[in-house]
Amino acid sequence: MTIAAAAALILAGFALRPQHAAVGPLIPLIRADLGISHSLAGLLATIPVACFGLFALPAPEIARRLGARTAIGSCVAVAGVAGIARAL
């Protein structure tokens with residue numbers, strides 16, 4: 001593995017981790033603040049997993065059209081920008 005590939009993996013990890021790990025620990029605070037039920041709060045934690053499954057369906061076609069590297073890089077960039085925008 002080259003240094004560039006290792007750096008890309010680390011960057012992808014930094015870009016994707018907050019979006020996937022942030023909801024779970026905050027569920028008690030979200031429930032208390034919004035006054036929602038346990039089932040609705042649990043649904044919040046399933047949204048990222050459901051999106052993985054939903055967006056996995058068109059992924060092969062997108063990778064064929066754009067190329068695997070471009071598709072993955074674009075998706076990681078969009079996820080990173082969305083995470084930063086959410087934080088701001």
Side-chain angles (χ1 to χ4, degrees):
M1 178 182 292
T2 66
I3 293 176
L9 286 173
I10 291 170
L11 179 63
F14 281 130
L16 299 175
R17 177 141 172 70
Q19 287 86 326
H20 304 162
V23 174
L26 296 175
I27 285 184
L29 296 172
I30 293 170
R31 281 195 66 241
D33 189 44
L34 299 176
I36 59 176
S37 66
H38 285 285
S39 59
L40 188 57
L43 182 62
L44 287 175
T46 64
I47 290 172
V49 177
C51 285
F52 281 144
L54 181 66
F55 294 123
L57 296 173
E61 180 62 28
I62 293 170
R64 259 193 302 280
R65 287 184 184 191
L66 300 177
R69 287 184 181 178
T70 303
I72 291 170
S74 299
C75 290
V76 170
V78 167
V81 168
I84 292 169
R86 183 185 61 145
L88 296 175

- At what distance, to the nearest 0.5 angstrom, does CG of Leu43 lie from NE2 of His38? 14.5 Å
- Under 4.5 Å between any side-chain heavy atoms of Leu34 and Leu40, yes or no? no
Is there a path of hydrophobic side-chain contacts, each under 4.5 Å between heavy atoms, that joins [X] and [Y]?
X: Ile47; Y: Leu54; value: no
X: Ile72; Y: Ile62; value: no
X: Ile36; Y: Leu26; value: yes

- Residues Ala71 and Ala63: closest non-hydrogen pair is CB-CA, 4.1 Å
- Task: Specify the closest pair of heavy atoms between Arg31 and Ala41, including all atoms of both residues, with the distance to one decimal.
- Result: CG-CB, 3.4 Å
